[in-house]
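Read through the structure below, which is laid out as C-alpha cells, and then see the notes.
Just so we're on the same page: letters track the sequence lines, and every chain starts at 1.
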There are 4 protein chains.
Amino acid sequence: MTSADPTTSRPLRADARRNRARVLEVAQEVFAEEGLAVPIDEIARRAGVGVGTVYRHFPTKDALFEAIIVERLRAVGEAARELAEGPEAGTGFFAFFEQMVQNASLNRALFDALAANGSFNRELTAEASNVMMTGLGQLLAKAQEAGRVRSDLTVTDVKTLMVGCLAMARQGTADPRLIVGVVCDGMRPVSPSRTPGA
Amino acid sequence: MTSADPTTSRPLRADARRNRARVLEVAQEVFAEEGLAVPIDEIARRAGVGVGTVYRHFPTKDALFEAIIVERLRAVGEAARELAEGPEAGTGFFAFFEQMVQNASLNRALFDALAANGSFNRELTAEASNVMMTGLGQLLAKAQEAGRVRSDLTVTDVKTLMVGCLAMARQGTADPRLIVGVVCDGMRPVSPSRTPGA
Amino acid sequence: MTSADPTTSRPLRADARRNRARVLEVAQEVFAEEGLAVPIDEIARRAGVGVGTVYRHFPTKDALFEAIIVERLRAVGEAARELAEGPEAGTGFFAFFEQMVQNASLNRALFDALAANGSFNRELTAEASNVMMTGLGQLLAKAQEAGRVRSDLTVTDVKTLMVGCLAMARQGTADPRLIVGVVCDGMRPVSPSRTPGA
Amino acid sequence: MTSADPTTSRPLRADARRNRARVLEVAQEVFAEEGLAVPIDEIARRAGVGVGTVYRHFPTKDALFEAIIVERLRAVGEAARELAEGPEAGTGFFAFFEQMVQNASLNRALFDALAANGSFNRELTAEASNVMMTGLGQLLAKAQEAGRVRSDLTVTDVKTLMVGCLAMARQGTADPRLIVGVVCDGMRPVSPSRTPGA
DNA sequence: CATGAATGAGTATTCATTCAT
DNA sequence: CATGAATGAATACTCATTCAT
C-alpha cells in the first residue's frame with residue numbers, strides 16, 4: 001500500500017501519457033460526432049479528466065484539433081504508401097480512394113483535417129500533411145504509369161477530389177458509392193467518346 | 001388616382017427598402033467571406049445600420065441567412081429552367097453545372113444553402129429549394145434524353161455533386177475547371193473503355 | 001366631400017382625442033392582463049396606431065401608466081365621496097371596500113396604481129391620489145363616527161389594507177370573499193373578547 | 001483516517017463554497033432591495049466575482065432566485081414547526097405571523113417567494129414550499145384547537161393573508177404593527193358583536 | 001399630426017482559457 | 001501534475017425612444 005506498489009507508485013509519466021491518449025481519443029470521437037462546436041469542458045468530462053489536464057497537453061483547442069488531424073493524416077499517408085509499394089497500384093489507387101471516403105464519411109475530423117488548408121499550417125500539421133501527400137503521390141504516380149488515371153491530375157487535385165467526395169458523402173443525400181463511382185470514372189483517362197466536345 | 005391619392009402615392013419605405021437591401025447585400029458578402037459565425041452586430045456595422053434595423057427586417061440570424069439562400073436558390077432554379085427550355089439542353093446541362101460552380105465558388109452562403117438539407121426547411125426555403133430542384137430536374141432529364149448524362153443519376157445525385165464541386169472549388173487548392181471537368185466527365189454515360197473493371 | 005363635411009372635415013382634434021382615448025383604453029386592458037412588461041409596440045398595435053402616436057400623447061411609458069392610474073384613482077375617489085355623502089356610510093364603507101377589491105382583483109393596473117407610492121409622484125398622480133384619499137377619508141370618517149370602524153385607523157391605513165386585499169385577491173390562492181371578510185372584521189372596533197391579550 | 005487521507009482531507013472548494021455563499025447573500029440583498037429586474041452582472045459585480053462564477057453555481061437567473069426562496073421557505077417552515085411543537089401554540093401562532101411579517105417586510109425576495117405560486121414549482125421549491133406549509137399547518141391547527149383562530153381558515157388562507165401583510169408592510173405607507181394587528185384580529189373567532197350584519 | 005423605421009444601450013447566457021488549491 | 005473554480009469577452013436578441021417621411 002506504500003510507495004512499493006509498482007502500479008501506483010509511479011503514476012507520473014504513465015498517467016500523463018494515458019491521459020493524453022484518452023483525451024485525444026475522446027476528442028476525436030466527439031469532434032467526429034458533433035463537430036468543432038463542442039466545448040472543451042465536454043471533452044474533458046467525457047475523458048474523465050479536468051479541463052486543466054486537457055490544457056496541459058494541448059495548449060489550445062485548435063492545438064487539440066491539430067493533434068487529431070496530424071494523427072489521421074499520418075495514418076492515411078502510411079496506408080497510401082503501402083499500397084503504392086504493392087503490386088497493384090493501378091486498382092489500388094481507386095480502392096484507396098473509395099476506402100478513404102468510406103472511412104471518413106462518418107468522420108468529421110478527418111474531413112476537416114483534409115479540408116483545413118492553411119488554417120493549421122503549423123509545423124506538425126505541415127509535416128503530417130507532407131507524409132500524406134507523399135504517400136498519395138506515390139500511389140497516384142504508379143496509377144498514372146499504369147494508364148489508369150488521367151496523367152494531368154496532380155496529387156493536390158486528387159486530394160481535393162477526395163475532400164469533395166467526403167463532403168458529398170457526409171451530405172447523406174446520395175449513395176456514396178454512386179458518387180465516388182462518378183468521380184473515379186472522371187479521373188480515368190479520357191476516351192474518345194467522352195471528349196467534352198463530342 | 002393621380003399623385004394626390006394618399007394610399008398609393010406614399011413612397012413609404014423608400015429608405016426601409018434600401019436598408020433591407022443593403023443588409024441583405026452586406027450579409028451575403030460577409031457570410032460568403034467569413035461564414036455563418038459572423039456576429040449580427042458586425043453585419044449591422046458594415047451595413048451602416050443599427051442592430052435593431054437588421055432585426056426589424058430579419059427576426060433572426062437564421063432568418064437572414066435563409067433570406068439570402070432563398071434568393072439564391074430561386075435564381076439558380078430559374079436559370080436551370082431557362083436552359084432546359086432552350087434547344088441545347090445537352091450541352092446546357094454541363095454549362096450550367098460549370099456556371100454554378102464558378103459563380104458560387106466564392107460564395108460560402110450558396111454552398112451552405114445547398115449543403116444545408118433539413119436545417120433550413122422552413123416554408124420559404126423549402127419552396128425555393130423546390131424551384132431549384134425542379135429546374136435542375138428538367139435540365140437533367142433533357143440531357144439524359146439526349147444521351148449526354150448517365151441515365152442512372154437522379155436530380156439529388158447531381159445536386160450532391162454540385163455541392164461537392166462547390167466544396168472543392170472553395171478549397172482553392174486546385175483549378176476549379178479541372179475539378180469540374182473531372183466530375184462532368186464522370187457524369188457522362190459510361191463508355192466501354194471506362195468500365196470500372198477495365 | 002370638401003371641408004363642408006362636418007364629420008370628416010375636422011378630423012384634427014377629434015381624431016387626436018379619439019386616439020388618446022383608444023390608447024388609454026387599450027393600455028389599461030393590456031397592462032391589466034399582462035402587466036407592465038408589455039412593450040409599447042404591442043399597445044400601439046392593439047390600439048391600431050403607430051408607436052409615434054402613443055409617444056405623442058404620452059411622452060414616456062411611465063407617463064402612459066401614470067395616466068391610467070390617474071383616471072382610476074379619480075373614479076375611485078368619486079365613488080367613495082358619493083357613498084360618504086349618502087345616508088349609509090357605515091355599511092357603505094365595507095361595501096366600498098369589498099367592491100374595490102372585487103373590481104380591481106382582475107385589474108393589475110389599479111393595484112399598481114394604489115401600490116405605487118412615490119414612484120409616480122408627479123403632479124397629476126399626486127392630485128388624483130388626493131382626490132381618492134379625500135373621498136375615502138370622508139367615507140372612513142363617517143363610518144368611524146357611526147362606530148363601525150376602529151377609530152385608530154387612518155385613511156392611509158385603510159388604503160394600505162385595500163392594497164393588501166388586492167394583492168391577496170390577485171394571488172388566486174384563497175377565496176377573496178373570505179379574505180376580505182377577515183380584513184373587514186379586523187377593521188371593526190375591538191370587542192372585549194377580541195383583546196389580543198385575551 | 002487521519003489528515004493524510006487524500007479523499008477526505010481535500011479542503012476542496014473552500015473558496016468555491018465561500019463564493020457560492022457570497023453570491024447567494026448578495027443576490028438575496030439585491031433582489032430584496034431592487035427586485036428581480038437586477039441584472040446578473042450587477043450581482044456578480046457586487047459579489048466581487050465574474051458572471052461566469054454566478055452561472056457556475058446557479059445555471060440560470062431563475063435558479064438563483066429559486067435557491068434564495070428555497071432557503072427562506074425552509075427556514076420559515078422550521079420555525080413554524082418548532083412553535084407548533086411548543087406549549088403555547090395559541091399565542092405562538094400570532095407571534096409567528098407577526099414575526100414573519102417583521103422579518104420579511106424588508107425582504108422582497110421572500111415576499112416574491114410566497115407570492116409566486118406556480119412560477120417556481122420545480123422540485124426544490126415545491127419541496128421547500130411543502131415544508132413551509134406543513135409547519136404552518138401544524139401551528140394553525142393547534143391554534144384553532146385552542147380556539148384562538150377562526151376554524152374556517154385553511155393553511156392556504158393564512159399563507160395568503162401573510163403574503164398580503166408582507167405586501168402591505170413593504171408599502172411602507174402604514175405602521176406594520178397596526179396592519180398586522182388588524183389582520184390578526186380578523187383571524188380570531190367571530191364574537192357576536194362583530195357579526196358583519198351587526 | 002400620424003406613421004413606423006431606425007437606433008443602440010441593455011440582458012441572459014456560453015465557453016476558451018487561466019490559476020489557486 | 002491534476003483538478004475544476006473563476007474569469008470575462010463575446011453574442012443573439014429586446015424594447016424604449018427618436019426622427020425622417
Side-chain angles (χ1 to χ4, degrees), chain A residues 11-13 15-16 19 37-45 48-62 64, chain B residues 6 9-20 23 37-45 47-64, chain C residues 11-13 15-16 19 37-45 48-62 64, chain D residues 10-20 23 37-45 48-62 64:
Chain A
L12 258 48
R13 309 277 161 73
D15 268 30
N19 270 340
V38 179
I40 288 279
D41 296 61
E42 171 77 5
I43 291 172
R45 204 175 49 70
V49 302
V51 245
T53 305
V54 175
Y55 275 91
R56 167 160 299 274
H57 293 297
F58 309 97
T60 278
K61 197 183 184 182
D62 276 5
L64 171 57
Chain B
S9 64
R10 279 179 196 155
L12 221 38
R13 299 93 182 176
D15 56 339
R17 226 174 308 175
R18 208 174 310 148
N19 269 335
R20 194 193 135 95
V23 167
V38 181
I40 287 278
D41 296 60
E42 171 75 6
I43 291 173
R45 203 175 50 69
V49 302
V51 242
T53 302
V54 176
Y55 276 95
R56 162 168 284 269
H57 292 295
F58 309 97
T60 279
K61 196 180 181 182
D62 275 5
L64 172 56
Chain C
L12 257 49
R13 307 276 161 71
D15 268 30
N19 270 339
V38 180
I40 288 279
D41 297 61
E42 172 77 4
I43 291 172
R45 204 175 49 71
V49 302
V51 247
T53 303
V54 176
Y55 274 92
R56 166 162 299 273
H57 292 296
F58 310 97
T60 279
K61 196 183 184 180
D62 276 4
L64 171 57
Chain D
R10 281 179 195 155
L12 220 40
R13 299 94 182 175
D15 56 339
R17 228 173 308 176
R18 208 175 309 151
N19 269 336
R20 196 193 134 95
V23 167
V38 181
I40 287 277
D41 296 60
E42 171 75 6
I43 291 174
R45 204 177 47 70
V49 303
V51 244
T53 302
V54 176
Y55 276 93
R56 161 168 285 268
H57 291 296
F58 309 97
T60 280
K61 197 181 182 180
D62 276 5
L64 172 57

Its contact letters, B for base, S for sugar-phosphate only and - for none at protein heavy atoms under 4.0 Å, make nucleotides 14-19 of chain E read BSSBB-
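- OP1 or OP2 of F:dC1 has not a single side-chain nitrogen or oxygen of A:H57 nearer than 4.0 Å.
- Summary of the strand contacts: D:G48 and A:T53 both lie near DNA chain F, and taking for each the nucleotide with the nearest heavy atom, the more 5' one is attributed to A:T53.
- One finds a side-chain N or O of D:N19 lying less than 4.0 angstrom from the OP1 or OP2 phosphate oxygen of F:dA6.
- One atom, CD of C:E42, and another, C1' of F:dT14, lie 14 Å apart when rounded to the nearest Å.
- Between A:V54 and A:A44, the shortest heavy-atom contact is CG2-CB, 3.9 Å.
- For the pair B:I43 CD1 and F:dC13 P, the interatomic distance rounds to 11 Å; values are reported in whole Å.
- Taking only side-chain nitrogens and oxygens, C:R56 never comes nearer than 4.0 Å to OP1 or OP2 of E:dC1.
- For the pair D:R18 CZ and E:dA20 P, the computed distance is 14 Å after rounding to whole Å.
- In this entry the distance linking CZ of C:R45 with P of E:dT3 reads 15 Å, nearest Å.
- Scanning for side-chain contact (heavy atoms from CB on, under 4.5 Å) contacts around D:R20 gives D:L24, D:H57, D:F58, with sequence neighbours left out.
- Rounded to a whole Å, the CG atom of B:D15 is 12 Å from the C1' atom of E:dT3.
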Treat a base pair as Watson-Crick or G-U wobble with both distances under 3.5 Å, then lay out DNA chain E in dot-bracket form, 5' to 3', with | for cross-strand pairs. .||||||||||||||||||||
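- Closest approach of A:K61 and A:I40 over heavy atoms only: CG-CD1, 3.6 Å.
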